[in-house]
Amino acid sequence: MRKEKIIVTSALPYANGPIHLGHLAGAYLPADIFVRYKRLRGADIIYICGTDEHGVPITIEAEKKGISPKDIVDKYYKIHKESFEKFGIKFDNFSRTTLKIHYETSQDFFLKLYEKGFLKKKRTKQLYCPKCKRFLADRFVEGICPYCKKKGARGDQCENCGKWLEQTKILEPKCKICLTTPIIKETYHWYIPLGNFQEKIKNWILSKKGWRENVINFCLGWFNEGLEDRAVTRDLEWGVPVPLEEAKGKVLYVWFDAPIGYISSTKEWAIKNGTPDRWKEYWKNPDAKLYHFIGKDNIVFHAIFFPIMLMGYGEFNLPDNVIANEFLNLEGQKISTSRNFAVWLDDYLSKFPPDPLRYALTTILPETRDTDFSWKYFQERNNSELADILGNFINRTLSFVKVNYDGVVPLPGEFNENDREILDRIYTFLDNSGRMIENFEFRKAILEVMNIARLANKYFNDEQPWKTIKGNPERCRTTIYLCLEITRVLALAIYSFMPFSSGKILKMLNLDKWKDKLNWTEFLNEKLRGGHKLGEPFILFKKIEDKDIIPEIKKLEGVLDMSEKKEEKPEPELIDINEFMKVDLRVARVLKAERVPKTDKLLKMEVDDGKGKRQVIAGISEQYSPEDMVGKNIVIVANLKPATIRGIQSNGMLLAAVSDDDLSLITVEKDIPAGSRVR
RNA sequence: GGCGGUGUAGCUCAGUAGGCCAGAGCAGCGGAAUCAUAAUCCGCGUGUCCGGGGUUCGAAUCCCUGCACCGCUACCA
C-alpha cells in the first residue's frame, strides 16, 4: 500500500505575546495528536507552523516600547519555539514570516495573481498622518461621525450610530497615536475580488464531507452577506514589499502573507532536509491531504480567503479539512490576553510537567462548543485519572514484578478464555481510539485510552495475583505477563496524547529502542518475551496538591481584582476651585419621567430648574422607575452643552453615585427651592 | 435594545437523517479487596433534558414563544 501523504498546519501564532491554554486547545494540541498518530500508523506526514510576524499591532507594540518590530518578533519567536518544544508540540518545521524564503514565496504568489489578472487596482483616498509619516489603519483614526455628528467614530465604523464609514469622511479626524490631524492623501491598492469566487468556493465547501458544522455554518454566514473586494496591500513599512515597481513603500496585507507562511515554512523544511523540491510533494500533489487546525476566529481565512488565493494561483491543493475549535474559557471566564487573564504556557511549564496539561486539555477540547478549564479540574484529572487509574495500574504491575519476579518478565502459561477476552477488548479500545483520532474526535479518543487502563485494573483485581502467586504460580505468571503486555500497549496508546509519559513507560519496560521510533503494527507484533529484564519502576504521575494550584488560582483572581480597580480609578487629577466653579450644579425638581423606549437604562425627565422646565435624559432606569422619580429633588449639571441621545435632546446631566452595579441618586437633604446652587 | 452563542445528573461534558426504559468521566454513597501513589474493584442516579405552547403515533433532538446566562455591540450624554 502506498503511504498516505499528509501535511498538517496549525495557525501561525502571532508574534506579539506568548502562547496560552486557549491557543493550545484550539490549534496546536489537537494537530499534534493527529500528526503523532498518523505517523505511528506509517503515514508520510509533516507538521508545519511558524510565527506570524507582520501586521500593524506588532509595529504599534514596538513603538510603545521604543524598540524595533524585529526585536519584538525575535523575542516571541524564541519563546514560542521553546514552549512548543517543551510541551511536546513537535513541528517538522517552525518557521517565521520574516525569512527571505517567505518574502519570495509571498511575492511570487502576489505576482502570479497579478499576472493572471485576478487583482484589481483601485485608487482610494486615505488618511495620512504627517507626524507619524504613515497612512492610518482604520482603527487608528478617530473623529466625529458625519451622520450623527458624534465623537468617537473610528475609521471603519461609528461607535454611536453603528454606520459603516469611510475613514476619509470622518469629521475632525485625529491620529490615535499622536493626535495629529491627518491629511487626506490619494493612494492605491490591489484587491482580490472575492465575490467573483463566491459561487465556486461555496460549492467547494458544500461538497466537503466530514467538515465540522461550525466551519460550514460560519462560511454560509459570510456567503449570505456576500463576499466583497478585499485589499491585499497596505501602505506600511513593516511587511513583505509588494513586488511591483509602481508599489514602492507598500507591503502585502498580513492576512495575505500569513497563510502563505504555511507554504514557505514547508519550503524551508525541504531545504533543511537537503531535498529542496520536496515541498511540492505535499502542496502540489493531488494525492496529498492538507489539514488546517485553527481556532474559530480564523475560519474565514482558512476556509474562504486562503482557498480562493490557492484557486487563483492554481497548481496548489486546497485544504481537505479545516478543523476549527471553539474557545476555551478559564475558570468560567473568557481568556483575555490584554488583561493578562490567562495561563501562559511558558509559565505553566516552569511549574508542572507537560503531559498532565496535555491530558486535561484533551478531555475538554472545545470541539463542539466553548468549554471551561479550571485549575481544580486540572488537578482532578491528574490525580484521579492519570495518577490513580493509569499510573497506578502500571505501578502496581511493575512493583509486583520487581518484588516477586526480580524485575524479569515471567513466562506465561496458556491464556484462558478470560485472558483472551481481556486482550481482545484492550485492542478494541486501542483501535477505537485510533479511529476517533482520524475523525478528529480527540475527546472520545482519549476516553477510550483510559478505558484500557480501567479494564486493566479490573483484570488485575479479578485475577488476584497476590493470592495466586501462592496457590497457582502459573496462573499468576500469566496474569502478570498479560498486565505487562497491557502496560506495553498503553505506551503506544498514550503516545499521541502524552508522548513524554509514553517514553517513560518504555523506559520502565526497558524497551528504549522504540523511543521516538514507535510504529503501530511492528510494535504490537513484537510481544514481550519471558525472561526480558525490565527497567526500574518509578511513579509516572505525581499527585498535584492543593498547595500547588492555589497560587495559580489566586493569581487569576488577582488579575480580575486588578482590572476591576483599574476601571474604577482613572487617576484623579487635582483641579483648582475656579475650575470646579465652572460647573453649574443646581437643584431641580422632577416633574415628569418616562422610559425611553427600546433602551435598557434611559429615562426621559422633565425637571424644574428654578427658571423653567428642561428635559434631561439619564441612564438610571435599572434602579429607578419613572414613578420613583417624579417629585424628587435632584442635582443636575445645569450648564452642560445639550446633547442628543437616541435622538432625544438632553439639557443637563443628573448626578448619581455609581458603584459596580448599583447606582444611587444624589438628592438634597431638606426641601430647598428648585434652582438652588450646589457647591 | 441589536447580533451571535449557550442552557442535559453535584462538576466537566456527549447525545440532530426525531423512536431501544436519556448517557460518559469525575465527584458522592454502600460494600469487597489489600499487589499498588489510602490507589483499585463491585453496586447505587424517579435527572421538570431551562419554562410554555405546537407539529408528530412518538422530540432533549423540528417550529413558535418566554426566561436565564455568556460574548460582541449600542446606550449609560
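Naming convention: chains lettered A, B, ... in sequence-line order (proteins, then strands); numbering from 1 in each chain.
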Undergrad: Taking the P atom in each of B:G58 and B:G15, what is the distance between them to the nearest angstrom?
TA: 26 Å

Undergrad: For the side chain of A:Leu540, starting at C-beta, report the closest nucleotide among B:U37, B:U40, B:U12.
TA: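 Selected nucleotide: B:U37.
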
Undergrad: Under 3.5 Å, is there a donor-acceptor pair between the A:Asp546 and A:Gln379 side chains?
TA: yes

Undergrad: Provide the distance between the two P atoms, one in B:G19 and one in B:C29, to the nearest whole Å.
TA: 37 Å

Undergrad: Among the nucleotides B:A14, B:U40, B:A24, which one has an atom lying closest to any side-chain atom of A:Leu447?
TA: B:A24

Undergrad: Starting at the 5' end of RNA chain B, which residue's closest nucleotide do you reach first, A:Trp466 or A:Ile539?
TA: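 Nearest nucleotide further toward 5': that of A:Trp466.
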
Undergrad: What interatomic distance, in whole Å, is found between P of B:C75 and the corresponding atom of B:C67?
TA: 24 Å

Undergrad: Looking for any heavy atom pair under 4.0 Å, which part of the strands does A:Thr363 touch: base, sugar-phosphate only, or nothing?
TA: nothing

Undergrad: Measure from the side-chain heavy atoms of A:Lys444 and tell me the nearest of B:A36, B:U12, B:A14.
TA: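 Of B:A36, B:U12, B:A14, B:A14 is nearest to the side chain of A:Lys444.
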
Undergrad: Considering only B:G25, B:A33, B:U40, which nucleotide approaches the side chain of A:Asp388 most closely?
TA: B:U40

Undergrad: Base, sugar-phosphate, or nothing: which does A:Thr397 touch, judged by heavy atoms less than 4.0 Å apart?
TA: nothing

Undergrad: Quantified in whole Å, what is the P atom distance between nucleotide B:U34 and nucleotide B:C41?
TA: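 Between the two P atoms, the distance is 16 Å.
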
Undergrad: Would you mind telling me which of B:U40, B:C26, B:G15 lies closest to the side-chain atoms of A:Glu380?
TA: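 From the listed options, B:C26 comes nearest.
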
Undergrad: Does a side-chain N or O from A:Lys543 land closer than 4.0 Å to OP1 or OP2 of B:A39, or not?
TA: yes

Undergrad: Under 4.0 Å between any heavy atoms, over every strand shown, what does A:Phe460 touch: base, sugar-phosphate, or nothing? Just pick one.
TA: base

Undergrad: CG/A:Leu591 to NZ/A:Lys613 distance, rounded to the nearest 0.5 angstrom?
TA: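 Rounded to the nearest 0.5 Å, the CG-NZ separation comes out at 6.5 Å.
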
Undergrad: Where each residue is assigned the nucleotide of RNA chain B containing its nearest heavy atom, which of A:Asn329 and A:Phe393 is assigned the position nearer the 5′ end?
TA: A:Phe393

Undergrad: Report yes or no: does A:Arg475 contribute a side-chain atom to a donor-acceptor pair with the main-chain N or O of A:Thr468 at less than 3.5 Å?
TA: no

Undergrad: Just to be sure I understand the rule, does A:Glu326 reach a base, reach only the sugar-phosphate, or reach nothing, if contact means heavy atoms closer than 4.0 Å?
TA: nothing

Undergrad: Indicate, with a heavy-atom threshold strictly under 4.0 Å, whether A:Lys467 touches base, sugar-phosphate, or nothing.
TA: sugar-phosphate

Undergrad: To the nearest Å, give me how far apart CG (A:Leu390) and P (B:U40) are.
TA: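 Roughly 12 Å, once rounded to whole Å.
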
Undergrad: Rounding to a whole Å, what distance do you find between A:Asn461:CG and B:G31:C1'?
TA: 14 Å

Undergrad: Given the C1' atoms of B:U8 and B:U61, what is the spacing between them in whole Å?
TA: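 Roughly 11 Å separates the two C1' atoms.
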
Undergrad: Picking from B:U37, B:G15, B:C41, which would you name as closest to the side chain of A:Asp462?
TA: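 Selected nucleotide (nearest to the side chain): B:C41.
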
Undergrad: Measure from the side chain of A:Arg369, starting at C-beta and using heavy atoms only, and say which of B:U8, B:C35, B:A36 lies closest.
TA: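 When the side chain of A:Arg369 is considered, B:U8 is the closest of B:U8, B:C35, B:A36.
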
Undergrad: Would you please classify the geometry between the A:Trp255 ring and the A:Phe305 ring as parallel, tilted or perpendicular, with 30° and 60° separating the classes?
TA: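 Plane angle between 30° and 60°, so tilted.
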
Undergrad: Nearest to the A:Ser384 side chain among B:A27, B:C35, B:G25, which nucleotide is it?
TA: B:A27

Undergrad: Please check the phosphate of B:C26 (OP1 and OP2 only) for any side-chain N or O of A:Arg381 closer than 4.0 Å.
TA: no

Undergrad: Between C1' on B:G25 and CG on A:Leu361, what's the gap in Å once rounded to a whole number?
TA: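 Rounded to whole Å, this separation is 16 Å.
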
Undergrad: Among the nucleotides B:C13, B:U37, B:C41, which one has an atom lying closest to any side-chain atom of A:Thr371?
TA: B:C13

Undergrad: Under the 3.5 angstrom rule, does the side chain of A:Asp355 hit a backbone N or O of A:Phe500 as a donor-acceptor pair?
TA: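 Yes: the side chain of A:Asp355 pairs with the backbone of A:Phe500.
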
Undergrad: Do any side-chain nitrogens or oxygens of A:Arg454 fall under 4.0 Å of OP1 or OP2 in B:A24?
TA: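 Negative; the distance criterion is not met.
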
Undergrad: Heavy atoms from C-beta onward define the side chain here; which of B:U37, B:A39, B:U12 lies closest to that of A:Asn392?
TA: B:A39

Undergrad: Quick one about A:Arg477 and A:Asn472 (side-chain donor to acceptor, distance below 3.5 Å, no hydrogens or angles considered), yes or no?
TA: no

Undergrad: Atom CG of A:Leu455 to atom C1' of B:C42: distance rounded to whole Å?
TA: 14 Å

